[in-house]
S.K.: 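Sharing a structure with you now.
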Amino acid sequence: MCGRFALYEPSDIIQDHFGLDDASELVPNYNIAPGTGILGIAYYENSLVPMFLKWGLIPHWSKAKQTQYKMINARVETVWDKSSFRSAIRYRRCLIPASGFYEWKKTDSGKQPYFISVSGTNIFAMAGIWETWEDKSSGEVIDSCAIVTTEAQGAVKEIHDRMPVTIDRSGYKNWLDPMVQTRDQLKIYQLDHSLITVWPVSPKVNNPRNNGPELIQQVTP
DNA sequence: CCAGACGTTGTT
DNA sequence: GTCTGG
DNA sequence: CCAGACGTTGTT
DNA sequence: GTCTGG
């Protein structure tokens, strides 16, 4: 699955990579956790825009903004079938920029965190879906999102059985195309899994209050 | 029809 | 055990 | 995902 | 809102 990631590439590089018109000022973050605001890129009102999305999807029909369920991930195998995700996968897909993500491997002595990144780049895209929720009485509006997951690819298989769906640059257009509204039309071009690199990192990443480049340094578990 | 759930992961 | 906060 | 709280009354 | 279960 994907429950923590990092985005530390400079804003102007992110802007160029995704072809955005306006830059959003981002500080490097090595410990992005569910429930916080994250950067998503989506077509909205006919243009490609950066959006701040609360990580943890709140369905539009939800009565409370605090959802009982932790919808931080959506399985690609079933996302078209679930009532909570059906309209979002059809009409509101987004790219979620990342420099890498973390997965935890269960061991005899506990859980060991690993950092997963892509050779040759500090920026790639994870597949996301988003939704707008509005409080009918107060008028409060929250845009939220979930990261789409799939079975582990490449080197990730060694540590975990799930990971985010990645989208190769060649697949950005189709994934974001608002005219693509069916499972058959949606083509998922994932990154070449031979580029995926995995190494163990310090358990400092466990605490979401910790941050900084030391979190992605390789350690001996 | 109405009532009630609506999710994933990992662990048992 | 379960929920909230990060 | 993991870490850390989990409560009320009354007083400052 | 939409799907499943009864």
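So you know, we letter chains A, B, ... as the sequences are listed, proteins then strands, and number each from 1.
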S.K.: Applying a 4.0 Å non-hydrogen cut-off, can you work out what A:S62 is touching in the nucleic acid: base, sugar-phosphate, or nothing?
M.R.: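 Nothing, no nucleic acid heavy atom in range.
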
S.K.: Answer with base, sugar-phosphate or nothing: what part of the nucleic acid does A:T149 contact at a heavy-atom distance below 4.0 Å?
M.R.: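 Since only primed, P, OP1 and OP2 atoms lie under 4.0 Å of A:T149, the category is sugar-phosphate.
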
S.K.: Say whether, by atom type as modelled, one donor and one acceptor occur between the side chain of A:D168 and the main chain of A:D192 under 3.5 angstrom.
M.R.: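 No: the side chain of A:D168 does not pair with the backbone of A:D192.
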
S.K.: Applying a 4.0 Å non-hydrogen cut-off, can you work out what A:A74 is touching in the nucleic acid: base, sugar-phosphate, or nothing?
M.R.: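 Here A:A74 touches the backbone only, sparing every base.
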
S.K.: For the residue pair A:T182 / A:D184, report whether a side-chain donor-acceptor contact shorter than 3.5 Å exists.
M.R.: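 The answer is no; no qualifying pair exists.
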
S.K.: Given Watson-Crick or G-U pairs with both distances under 3.5 Å, what dot-bracket string fits DNA chain B, with | for other-strand pairs and [ ] for crossing?
M.R.: ||||||......

S.K.: Assess, by modelled atom type and distance only, whether the side chains of A:D143 and A:T132 contain a donor and an acceptor separated by less than 3.5 Å.
M.R.: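 Per modelled atom types, A:D143 and A:T132 side chains form a pair under 3.5 Å.
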
S.K.: Is there a donor N/O on one and an acceptor N/O on the other, under 3.5 Å, for the side chain of A:S83 and the base of B:dC6?
M.R.: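 Indeed there is one.
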
S.K.: Please give the distance between the P atoms of B:dG4 and C:dG5 as a whole number of Å.
M.R.: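 My reading of the P atoms in B:dG4 and C:dG5 gives 29 Å.
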
S.K.: Would you tell me if any nitrogen or oxygen in the side chain of A:R75 comes within less than 4.0 Å of OP1 or OP2 on B:dT8?
M.R.: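 The answer is no; no side-chain N or O of A:R75 sits under 4.0 Å from OP1 or OP2.
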
S.K.: Tell me whether the ring of A:Y102 lies stacked over the D:dC1 base, given a 5.5 Å limit on centroids and a 30° limit on the plane angle.
M.R.: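 Whether judged by distance or by angle, A:Y102 falls short somewhere, so it does not stack on the base of D:dC1.
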
S.K.: Shorter than 3.5 Å, N or O on both sides, protein versus nucleotides 4-6 of chain C: list them out with atom names.
M.R.:
residue, atom, partner, partner atom, Å
C:dG6, N7, A:P34, O, 3.2
C:dG6, O6, A:P34, O, 2.8
C:dG6, N2, A:R4, NH2, 3.4

S.K.: For the side chain of A:N207, starting at C-beta, report the closest nucleotide among B:dT8, D:dG4, E:dG1.
M.R.: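 My answer, after comparing the listed nucleotides, is D:dG4.
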
S.K.: Rounding to an integer number of angstrom, what distance separates B:dT11 and D:dC1 when you compare their C1' atoms?
M.R.: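 My reading of the C1' atoms in B:dT11 and D:dC1 gives 16 Å.
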
